[in-house]
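First the structure, in the form of structure tokens, and then the observations on it.
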Amino acid sequence: MSLKTRILVTVFCASFAGVLLQRGIYFFTNDVLGFSQAQNLWFALLFGVAYVGGAAASYRIATRFGERRALRCTVALLVLVHVWLACFPSALPLTIAFGLAPLLLGAMWPVFESYMSAGETPTSLGPALGRYNISWALSVPLGLALAGPLIASGSARSLFLVAAVLNALVWLSCGALPEHPKHLDARDAARPDATAIARSRVLLVAARVAMLESYMLLFLLAPLMPEIMKSLGFHTAAAARASSLLDVARFGGFVALFAYSGWHGKKGPLLLAIATLPLGFALVLLGQSVLSVVSGELLFGASAGFLYTAALYYAQLVQNASVDAGGAHEALIGVGYALGPGAGLVGTALAHGAGPGSAAYARGMSTATLPLIVACTIGALWQLLQGRQRPAQSVRD
């Protein structure tokens, strides 16, 4: 098995395990522990804050211990966390685990991104990251589809046991990785020139701001999905499957971006994704029919998939596949993880306990999220417009 193929298989398993906890957990807490939307939002907020800490520390950890050792240590601890949850699947252990697991996940993902991107030229980087995104994204709807039946069947402990086994396989696979990723020399002829770096840096900042918005909105929706879907008449297993359509659309976007590289270096596709993202979100959050919610999931998922791909591609291109590039990328995702549930908590308070489909719910969530959506959208568009006016020489490599 080649190094890149091993990474892809390993990333699929790691992502599958992560989905069972990070996304499936809200169906577990809602169905088994009886958590409300507000309690799920507090859980999501805890996850986001801890994830930022792990991502911010990933570069220092990898530099201190080496990439392979850092990966194996974080994954080993994830195995222990999931075994502990399988033994004690109650509210307090779950709260502690939801503080520990995101620290480890935030430290882990930038290292995988560095291994996948290292040594790639600007031409080959897009296809390499396309395969990487397809690999981890494929696991998300599959993980959600498995989580629902496991929880509904009464064997909720198996949710954590499956994740523990998958993480154990990841730990074994990481042992065959080289100690460090092999990067291109900074003076290699295949590296982009200063003008291309400057242009990519402008697109990177705009994509990152919009990606932050996408994760903020995604992880506002994730804790709310159980009740949104149940308000449309879905039971637990079907609700988990229906909510995974967003991730199916994101996966489809990754496949399309892998097949077509014409978006590299262009502003038009970014502008389109920035415009369609909030529309998809509004349809999911405020839609009162299966058709509107599903349409919103598909639109939101495709837009979010492009923004994630663009942000990661330009980061690895500008920073030569450094763990630090992935760390900044994942830290922004973590900020989104925290901002989304925070806005949801404000919206829930403004809605005075009203549920999905009610006018009070729509007003509360709209009031809480609209300022953040407007700020991120204006910020991303401003960066693109400023980038058009800024000379390349003013941007340092």
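Source: prediction; values computed, not measured.
- Thr377 contributes no side-chain N or O that, together with a main-chain N or O of Val374, makes up a donor-acceptor pair within less than 3.5 Å.
- Residues Leu245 and Phe300 are not in side-chain contact: their nearest non-hydrogen atoms beyond the backbone lie 4.5 Å or more apart.
- Arg72 places a side-chain N or O within donor-acceptor distance of the main-chain N or O of Trp171, the cut-off being under 3.5 Å.
- The six-membered or imidazole ring of Trp136 lies near that of Phe254, with a centre-to-centre distance under 6.0 Å.
- Counting only distance, with no hydrogens or angles, the side chain of Ser58 and the backbone of Ala55 share a donor-acceptor pair below 3.5 Å.
- Taking the six-membered ring where the residue is Trp, the centroids of Tyr26 and Phe43 are separated by 6.0 Å or more.
- Proximity of Val140 to Ser244: side-chain heavy atoms (C-beta onward) are nowhere separated by under 4.5 Å.
- Side-chain rings of Phe88 and Phe160 stay apart, their centers remaining 6.0 Å or farther from each other.
- Residues Val165 and His82 fail the side-chain proximity criterion, which asks for heavy atoms closer than 4.5 Å.
- For the pair Pro102 and Phe47, the tightest heavy-atom approach, listed with the atom from each and the gap, is CB-O, 3.4 Å.
- In this structure, the side chain of Tyr115 engages the main chain of Arg68 through a donor-acceptor pair within 3.5 Å.
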Residue pair Met216, Leu220: steps toward the side chain to side chain contact (heavy atoms under 4.5 Å, CB included) verdict:
CA-CA 6 Å; Met216 173 186 73; Leu220 165 60; 5.9 Å; no
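- A distance below 6.0 Å separates the ring centres of Tyr313 and Trp263.
- Using a 3.5 Å distance cut-off with no hydrogens or angles, the side chains of Ser295 and Ser292 do not pair a donor with an acceptor.
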